[in-house]
Colleague: 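First the structure, which I've put down as structure tokens, then a few questions once you've had a look.
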Number of protein chains: 2
Amino acid sequence: MTMSNGAGGRRRPPTIHDVAREAGVSRGTVSRVLNGGHYVSPAAAEAVNAAIRKTGYVVNRHARSLITGRSDSVGFLLTEPQERFFEDPNFNVLLSGCTQALAAHDIPLLLMLAGTKDERRRITRYITAGHVDGVLLVSSHSGDPVAEELREAGVPLVQCGKPMGLRSKVSYVAADDRDGARDMVRHLLSLGRRRIGMVSGPLDTPGGVDRLAGYKEVLTEAGVEIDERLVVSGDYSRASGEAGAERLLAQAPDLDALFVASDLMARGALTALHRAGRRVPEDVSVGGFDDSVAATEAVPALTTIRQPYDRVSAEMVRVLLAQIGGEDPAAVILPTELVKRDST
Amino acid sequence: MTMSNGAGGRRRPPTIHDVAREAGVSRGTVSRVLNGGHYVSPAAAEAVNAAIRKTGYVVNRHARSLITGRSDSVGFLLTEPQERFFEDPNFNVLLSGCTQALAAHDIPLLLMLAGTKDERRRITRYITAGHVDGVLLVSSHSGDPVAEELREAGVPLVQCGKPMGLRSKVSYVAADDRDGARDMVRHLLSLGRRRIGMVSGPLDTPGGVDRLAGYKEVLTEAGVEIDERLVVSGDYSRASGEAGAERLLAQAPDLDALFVASDLMARGALTALHRAGRRVPEDVSVGGFDDSVAATEAVPALTTIRQPYDRVSAEMVRVLLAQIGGEDPAAVILPTELVKRDST
DNA sequence: CTGGTGTCTGTGAGCGTTCACAGTAGAGAA
DNA sequence: TTCTCTACTGTGAACGCTCACAGACACCAG
């Protein structure tokens, strides 16, 4: 019954020409229906739609791209080493959110993993060749030059997280790091903690800097003296959280709380505290940041600052598409929220 | 000094025509150089390559695809619910491996997440429209009809893990589940354990079935009676591992070992054992499966069966490209390896 | 010298779409 | 009526590439 195409082979798909013939109109009219339907009579539009359904027509994106110059696809560029991609579920959440937001616009997402310098160069060339209309960039060490490079090449770009230099205007979407950190430290203070240690993020990134700034501000406001022995920095990896907590325990054994700048690092810190025989939350309260899967999986479950990742990815896509459409770069800052669990 | 294209705008990139003019040859010759360089004189080839370097020419893939009918891109299709994608690092490893293997062939990877039925339908239509040359399919519940559907549409396809039905020939790459399970159970027996429980994978998948089969075989061979109270099944999620272990502890409190069919489930099992006051590995030895990041992060670190994910992804890409090139579907089974850590 | 063979090269056509333009028909205004 | 305006439609020309073909040239055998 079905006109199956022979084993394995694909039949030639119908073209806009076939649809036009079927509907009794011209290619131009079909094209107009396909692209918004302006200046098309209702009768013609109906005939074309019927013909599309009947023939099973799907637009050939290559032919379209050839003439429009757009690829109607965007790249998701992750400039992180493999191990970070493997261990941090935040990337999956962002990836999934962006894919879905793009799907609503019928735009495919090309995954670009640039862990090494070679890959970075290859991918940069691919992008600047115009194979994608824009790029969603995820990179924690925002010092990397790839954003600048792409901007200079005129590629629409949205970064996840605040970029470091402000040399050229680049769009970004970020959570309110400073405010989130303030909430967490206030929460720890409200529990009666005064010797609050911090494992910050990398200090060559605004995210790392801002969370640390929030921490110091609130302590100062509360009249608690800043003790530099209570502050170390990590790189968001689990291992660096563990090492950081260990160092803090050595430098300041009397600490009674720990604010760790990511959930993954916080899990590392839990391991270190456990090994040192400190009970959480009885002896030490621990607060994380992100509210990723890692927070609920931790034992005890982590009190943390929720970053609205679903909104982050949606906004990234929105801003990118706007920029592809010709609008100016934009910055979006989203509010965070304190989520209380068992670790405080 | 550099002829920068004005703010934000992209200049029209050089075409094959520009290269031909620059090199003093025809379009045809340039095209031949681009596609393997057969039937081209060394002098012409050198001139063309110099012209390409000078002009910064990059092929326009849309124009090429329009005439060749190939898209020179492949899709990575994940038919799993979001939560699974968020919690299981195995997906990241596969994704990364495939992306890199494809990059070596200059083929971009389109990420397709089909967690819901709607998404699945949309994506199937996209694929069958010929927008990708082939599909790398990752799906744990291999009962889902998407593989069949795509095969029937003549789309080259490689599945990760053995597919359930054998209705039509579909390529797949899988680890040797049965053999891996046998190794683990033998290892547990060698430690003197006799009451070995198992949390299997879903039994509507060959992976789940085969690991359970290996478990039973080895026990029988060793003269240990199979006790059905010692077997439950999960769905590879962490939560199901925790629930499974809890059920086993209730049904067979005397168990002295646990073989859990994935590392993630094994971590769940560790939580349940901890809560029940059983020490690992003193009271209960625990073995996982996969050797994912989850295994080393677990406390204690998990003894597990290593699946060679790097080779899996490389083979998936190899088989898919071969199939796109016209070869017949193929099945690849890769060996596993026992990795001893602290949990046994 | 003729004819074949093999290597290399240029040329026109065409892939399936969009876009600019020209053209038609009908309505309303002068 | 005639002219203008608007709504709609069809047509040729691109977009940048590959492919098939034909032609040129060199070489060798007969």
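Letters A, B, ... are given to chains in the order of the sequence lines, protein chains preceding strands, and every chain is numbered from 1.
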Colleague: Give every donor-acceptor pair under 3.5 Å between a side-chain atom in residues 32-41 of chain B and any protein atom, sequence neighbours left out.
Modeller:
unit_1: B:N35; atom_1: ND2; unit_2: B:S31; atom_2: O; d: 2.8
unit_1: B:N35; atom_1: ND2; unit_2: B:S31; atom_2: OG; d: 3.4
unit_1: B:S41; atom_1: OG; unit_2: B:A44; atom_2: N; d: 3.2

Colleague: Using salt bridge (charged side-chain N to carboxylate O under 4.0 Å, His left out) as the criterion, list what pairs up with B:D310, not counting sequence neighbours.
Modeller: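 Partners of B:D310 under the salt bridge (charged side-chain N to carboxylate O under 4.0 Å, His left out) test: B:R306.
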Colleague: Rounded to whole angstroms, how far apart are CZ on B:R12 and C1' on D:dA14?
Modeller: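 Rounded to the whole Å, the gap is 11 Å.
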Colleague: Which pairs, protein N/O on one side and nucleotides 8-11 of chain D N/O on the other, fall under 3.5 Å?
Modeller:
unit_1: D:dT9; atom_1: OP1; unit_2: A:S41; atom_2: OG; d: 2.6
unit_1: D:dT9; atom_1: OP2; unit_2: A:S41; atom_2: N; d: 3.0
unit_1: D:dG10; atom_1: OP2; unit_2: A:S26; atom_2: N; d: 2.8
unit_1: D:dG10; atom_1: OP2; unit_2: A:S26; atom_2: OG; d: 2.9
unit_1: D:dG10; atom_1: OP2; unit_2: A:T29; atom_2: OG1; d: 2.9
unit_1: D:dG10; atom_1: N7; unit_2: A:R32; atom_2: NH2; d: 3.1
unit_1: D:dG10; atom_1: O6; unit_2: A:R32; atom_2: NH1; d: 3.3

Colleague: Who pairs with A:A314 by side-chain contact (heavy atoms from CB on, under 4.5 Å), at least two apart in sequence or on another chain?
Modeller: none
Colleague: For A:L334, check side-chain contact (heavy atoms from CB on, under 4.5 Å) against everything at least two apart and list the hits.
Modeller: A:V173, A:P308, A:R311, A:V312, A:E315, A:V332
Colleague: Identify, residue by residue, the members of residues 64-74 of chain A with a heavy atom below 4.0 Å from DNA chain D, and return them in order of residue number, or none.
Modeller: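 Under 4.0 Å from DNA chain D: A:L66, A:I67.
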Colleague: Which donor-acceptor pairs under 3.5 Å do the side chains of residues 94-101 of chain A make with protein atoms, sequence neighbours left out?
Modeller:
unit_1: A:S96; atom_1: OG; unit_2: B:Q82; atom_2: NE2; d: 3.3
unit_1: A:T99; atom_1: OG1; unit_2: A:L95; atom_2: O; d: 2.6

Colleague: Could you pull out all residues at least two apart from B:Y126 that satisfy ring-ring contact (aromatic ring centres under 6.0 Å, His included)?
Modeller: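 Counting only residues at least two positions away or on another chain, B:Y126 forms a ring-ring contact (aromatic ring centres under 6.0 Å, His included) with B:H131.
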Colleague: Suppose we screen for side-chain contact (heavy atoms from CB on, under 4.5 Å). Which residues come up paired with A:D118, at least two apart in sequence or across chains?
Modeller: A:T116, A:R121
Colleague: List for me each residue that meets ring-ring contact (aromatic ring centres under 6.0 Å, His included) alongside A:F91, sequence neighbours excluded, and say none if there are none.
Modeller: none
Colleague: On DNA chain C, which is the earliest and which the latest nucleotide, 5' to 3', with an atom closer than 4.0 Å to a heavy atom of chain A?
Modeller: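 Reading along DNA chain C, I get C:dG16 to C:dT18.
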Colleague: Once side-chain hydrogen bond (donor to acceptor under 3.5 Å, both in side chains) is applied, do any residues pair with A:T124, and if so which ones, sequence neighbours excluded?
Modeller: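 Checked A:T124 against side-chain hydrogen bond (donor to acceptor under 3.5 Å, both in side chains); zero matches.
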